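Structure record follows, encoded as structure tokens.
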Amino acid sequence: MPIDTLPFGRSDQAAIAITGIWAYTTGFEIFIARCIRPDIPGVGQDPTPEMMRRRHADPLSAPVFSLLLSDGTRVVSGTAQGESEPTEPILRPRGGGGTTHSQFFRWWAWPLPPKGPLEFVCQWPMYGIAETRAGIDAQLILDAAQRSVRLWPEDEG
């Protein structure tokens, strides 16, 4: 679906943005880019003593990503439990990669969001990004899902 980059969070140390959204018949993917300043220790590098203290003192030192749906439901990132279809909305990682200072990630959200405002919520305390929000009208995703093409018919039976 066509969207501009949605700046998510920014500090003197790092920045996070949503760079794309793909809509499907049953859910949608969110593409996120994270960048850490070159003069700051990156992911997996030896952090400064201050960052080490924050990492051990704050369980939220890793980035946390969630959705806030128009009906008030907050969907927090994680992995779905079991093989059966979930009973409530999910947001889970679908892969990514990059370097110590630049990473790209895909997230799967299920099901399609309800009509109304959809907010993306993020925080990354380790790099000085407090809870930040970026929003769109969920109708953009719903319209794009209507244009999606089913590659194979659903199994009968």
Side-chain angles (χ1 to χ4, degrees), residues 1-45 47 51 54-55 58-81 85-151:
M1 62 171 258
I3 65 162
D4 292 329
T5 297
L6 295 173
F8 221 175
R10 185 175 176 175
S11 71
D12 291 340
Q13 302 171 8
I16 303 174
I18 294 174
T19 58
I21 298 173
W22 288 359
Y24 299 88
T25 57
T26 59
F28 58 105
E29 272 187 302
I30 305 145
F31 295 78
I32 297 177
R34 301 186 322 204
C35 296
I36 301 168
R37 281 177 57 144
D39 59 334
I40 301 291
V43 175
Q45 293 183 319
M51 293 172 91
R54 281 192 293 179
R55 181 176 286 171
D58 186 356
L60 297 177
S61 62
V64 177
F65 179 47
S66 61
L67 303 175
L68 185 58
L69 307 178
S70 62
D71 64 4
T73 301
R74 187 170 188 139
V75 186
V76 179
S77 59
T79 56
Q81 302 297 318
E85 187 170 287
T87 57
E88 47 189 55
I90 62 167
L91 177 63
R92 65 178 178 204
R94 296 258 320 229
T99 68
T100 59
H101 285 80
S102 177
Q103 300 94 37
F104 304 92
F105 297 95
R106 295 170 37 206
W107 291 84
W108 174 248
W110 177 93
L112 291 168
K115 291 180 181 183
L118 171 63
E119 288 191 329
F120 304 94
V121 184
C122 180
Q123 60 182 330
W124 199 6
M126 173 63 80
Y127 290 98
I129 298 176
E131 183 175 292
T132 312
R133 296 176 182 215
I136 63 170
D137 185 338
Q139 193 63 48
L140 293 168
I141 295 172
L142 299 172
D143 291 346
Q146 290 295 316
R147 295 188 302 271
S148 66
V149 176
R150 182 175 297 281
L151 297 177

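Just so you know, residue 1 is the first one in the sequence shown, and it goes up from there. Quick caveat: nothing in here was measured; it's all calculated off a predicted structure.
Residues Leu69 and Pro89 meet the side-chain proximity criterion, which asks for heavy atoms closer than 4.5 Å. A heavy-atom distance below 4.5 Å is found between the side chains of Gln13 and Ile40. Under the 4.5 Å side-chain criterion, counting only non-hydrogen atoms from C-beta, Ile16 is not in contact with Phe120. Inter-residue side-chain proximity for Phe28 and Leu142 is flagged as unmet; no heavy-atom pair is nearer than 4.5 Å. Contact of the Arg147 side chain with the Asp143 side chain is registered, since non-hydrogen atoms from C-beta on lie closer than 4.5 Å. No side-chain heavy atom of Thr19 sits less than 4.5 Å from a side-chain heavy atom of Ile3. The closest side-chain heavy-atom distance from Arg133 to Leu68 is below 4.5 Å. Counting heavy atoms from C-beta outward, Ile21 and Ile141 have side chains that approach closer than 4.5 Å.
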Between Ile32 and Phe104, does a side-chain contact (heavy atoms from CB on, under 4.5 Å) hold up when you go through it step by step? CA-CA 6 Å; Ile32 297 177; Phe104 304 92; over 6 Å; no

May I have the step-by-step check of side-chain contact (heavy atoms from CB on, under 4.5 Å) for Arg150 and Thr25, ending in yes or no? CA-CA 8 Å; Arg150 182 175 297 281; Thr25 57; 3.9 Å; yes

I would like to know whether Leu118 and Leu140 meet side-chain contact (heavy atoms from CB on, under 4.5 Å); could you show each step before the answer? CA-CA 10 Å; Leu118 171 63; Leu140 293 168; over 6 Å; no

When you look at Tyr24 and Trp110, which way does the ring pair (Phe, Tyr, Trp, His ring centres under 6.0 Å) test go after all the steps? CA-CA 10 Å; Tyr24 299 88; Trp110 177 93; over 10 Å; no

Passes side-chain contact (heavy atoms from CB on, under 4.5 Å), Arg106 versus Ile30? Steps please. CA-CA 6 Å; Arg106 295 170 37 206; Ile30 305 145; over 6 Å; no

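The number of heavy-atom neighbours closer than 6.0 Å to CG of Asp12, taken from other residues, nucleotides and ligands shown, is 12 or below. Within 6.0 Å of the CG atom in Asp39, the count of heavy atoms belonging to other residues, nucleotides or ligands exceeds 12.
Here Arg74 pairs with Glu131 in a salt bridge; the nearest charged N to carboxylate O distance falls below 4.0 Å.
Ser102 and Cys35 make their closest contact through OG-SG, 4.2 Å (heavy atoms, listed as atom of the first residue, atom of the second, distance).
Seen from the ring of Trp124, Arg34 counts as a face-on cation partner, given the 6.0 Å and 45° thresholds.
Ring centroid separation for the pair Phe65 and Trp107 comes in under the 6.0 Å cut-off. Ring pair Trp22/Phe31: centre-to-centre distance below 6.0 Å.
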